[in-house]
Amino acid sequence: MTLSERKKKILYSLVDDYIITAEPVSSKKIQEEHLPDYSSATIRNELSALESMGYLVQPHTSAGRIPSQKAFRFYVDQLMVTPLTQEEINVIEERFGDKISSMQEVMAKVAEVLAEVTHYTSVAVEDAVEKETVKKINLVPLSQGNALVLVVSDRNVFKDSIIKIPDNLSERDLKKVNDWLNELFTPKKLEELKELNLDEILNEELKALKGLFGEVLDILREVSNKKQQIITQGAAQILDYPEYSDKDSAKQFLQTIEQKQKLASMFSAEDDGMELSIKIGREEEGNLPDGCSLVTAKIGVNKNSFGNVGVIGPVRMDYKKVVSVLDHIGKLIEKLLGEED
């Protein structure tokens, strides 16, 4: 059944108020603080109708009503993003004022600023490393017979592996080796390199350096197996919300935050391909704790996703604020990553 404009206004006002106070909302409060053009009796009648439709719940001990999960879903689906304050914008942009050195640094900064500005627990989940594309490989000579393997992907720079190289390699020879490495291994996704067979791709000229190529390929395979980065910030902030004043509720929430892989599966679901996703309580299949909502967004540039970031908190979440913050961060990161590219 479609809601009338009056019912919508009353429902929006009640949800907005409940998000701020966490207290049942009365018809009198809606009339006095939000909709003075409607009589209290009219609002009471509409609240009763909304309750019978499943949008509201009336606690036994209160004359006021609280929104149901259905009401929050309706509220979210009709969500209008509100502008951030200049102070909030400054906090976000100051954190990203320095040059970006890696995607790990980006994700860590995003998690930090999300928790600070929204006051909810933030989560950043980097896309699996094996999905990255190797863009460039370079052997950097360190000392006689040793070289640093520098691997540049579309998201990261890996430079923590040293291999042995023939002592008699001249600077010109090393340049050739680098050219061959890039011809063999780029541009390819790391997951593709797991199955690569050197014997099938090396010609007679290159087989003399099969050992060196094999070492580099082993390093690329090790890189592809690196653990997915999962960052959380502000877990203790959930204790500031009355929904988690109960010891058992707080414990359940904090245990979920500690289970990083479980958390990652909530934040990195790709089934709907949406840039922004809002999941409310148990309406979605998943592992959300009771009474929780999840707002998550993709981070990336030029339609290339680098990971997912967002917040987890009470169903009574300030969705407008969270979506505004994620939107601003997303645009800022896209701009910065585009410049870095």
With rounding to the nearest 0.5 Å, note down the distance linking [atom1] in [X] to [atom2] in [Y].
| X | Y | atom1 | atom2 | result |
| --- | --- | --- | --- | --- |
| R65 | L11 | CZ | CG | 12.0 Å |
| Y120 | Y241 | OH | OH | 4.5 Å |
| I231 | E126 | CD1 | CD | 8.0 Å |
| L206 | L212 | CG | CG | 11.0 Å |
| D37 | Q31 | CG | CD | 9.0 Å |
| S4 | K7 | OG | NZ | 4.5 Å |

For the pair F72 and Y18, name the ring-plane relationship: parallel under 30°, tilted 30 to 60°, perpendicular over 60°.
-> tilted
According to the interplanar angle, ranging from 0 to 90°, do the rings of Y12 and F74 count as parallel (below 30°), tilted (30 to 60°) or perpendicular (above 60°)?
-> parallel
Is there a side-chain contact between [X] and [Y] (heavy atoms, below 4.5 Å)?
| X | Y | value |
| --- | --- | --- |
| V295 | M317 | yes |
| Y55 | L3 | yes |
| E51 | V57 | no |
| L84 | V325 | yes |
| I280 | I278 | yes |
| Y38 | S27 | no |
| Y319 | V315 | yes |
| N90 | I92 | no |

Identify the residue among L209, L181, L184 that makes a side-chain contact (heavy atoms from CB on, under 4.5 Å) with V216.
-> L181
Please report the closest heavy-atom contact between [X] and [Y], naming both atoms and the distance.
| X | Y | answer |
| --- | --- | --- |
| S153 | F158 | OG-CE1, 4.1 Å |
| L202 | K207 | O-CE, 3.4 Å |
| I230 | A264 | CD1-CB, 3.5 Å |
| G234 | T121 | O-OG1, 3.0 Å |
| G330 | I299 | CA-CD1, 4.3 Å |
| N197 | D199 | OD1-N, 3.0 Å |

Whether over 12 other heavy atoms sit under 6.0 Å from [X] [atom1]:
| X | atom1 | result |
| --- | --- | --- |
| K210 | NZ | no |
| K8 | NZ | yes |
| E93 | CD | yes |

Does a side-chain N-to-carboxylate-O contact under 4.0 Å join [X] and [Y]?
| X | Y | value |
| --- | --- | --- |
| E130 | K189 | no |
| E105 | K109 | yes |
| D246 | K251 | no |
| E215 | K164 | no |

Examine distances only and state if a side-chain atom of S249 and a backbone atom of Y244 form a donor-acceptor pair shorter than 3.5 Å.
-> no
Donor-acceptor under 3.5 Å (N178 side chain, L139 main chain) | yes
A41: side-chain contact (heavy atoms from CB on, under 4.5 Å) partners, not counting sequence neighbours = S39, R44
Sequence neighbours left out, what pairs pass salt bridge (charged side-chain N to carboxylate O under 4.0 Å, His left out) with at least one residue falling in residues 312-332?
-> D16-K320, E88-K321, E243-R316, D327-K331
Start with the C-alpha distance between L35 and S13, add both sets of side-chain angles, then the distance that settles side chain to side chain contact (heavy atoms under 4.5 Å, CB included), and finish with yes or no.
-> CA-CA 8 Å; L35 301 171; S13 299; 3.9 Å; yes
Under a 4.5 Å side-chain heavy-atom rule over Ile, Leu, Val, Met, Phe, Trp and Tyr, are [X] and [Y] clustered together?
| X | Y | value |
| --- | --- | --- |
| I20 | I10 | no |
| L198 | I137 | yes |
| L196 | I163 | yes |
| L276 | V110 | yes |

Test F267 against V309 for side chain to side chain contact (heavy atoms under 4.5 Å, CB included), laying out the working first.
-> CA-CA 7 Å; F267 275 80; V309 297; over 6 Å; no
Checking side chain to side chain contact (heavy atoms under 4.5 Å, CB included) for the pair D154/V134: CA distance, chi angles, key distance, verdict?
-> CA-CA 7 Å; D154 55 348; V134 181; over 6 Å; no
Please report the C-alpha distance between M266 and L294 in whole Å, then the side-chain angles of each, then the deciding distance to 0.1 Å, and finally whether the side chain to side chain contact (heavy atoms under 4.5 Å, CB included) criterion is met.
-> CA-CA 8 Å; M266 295 184 214; L294 186 77; 4.0 Å; yes
Is the closest side-chain donor-acceptor distance between D17 and H34 under 3.5 Å?
-> yes
S170 side chain to D173 side chain, donor-acceptor N/O pair below 3.5 angstrom | yes
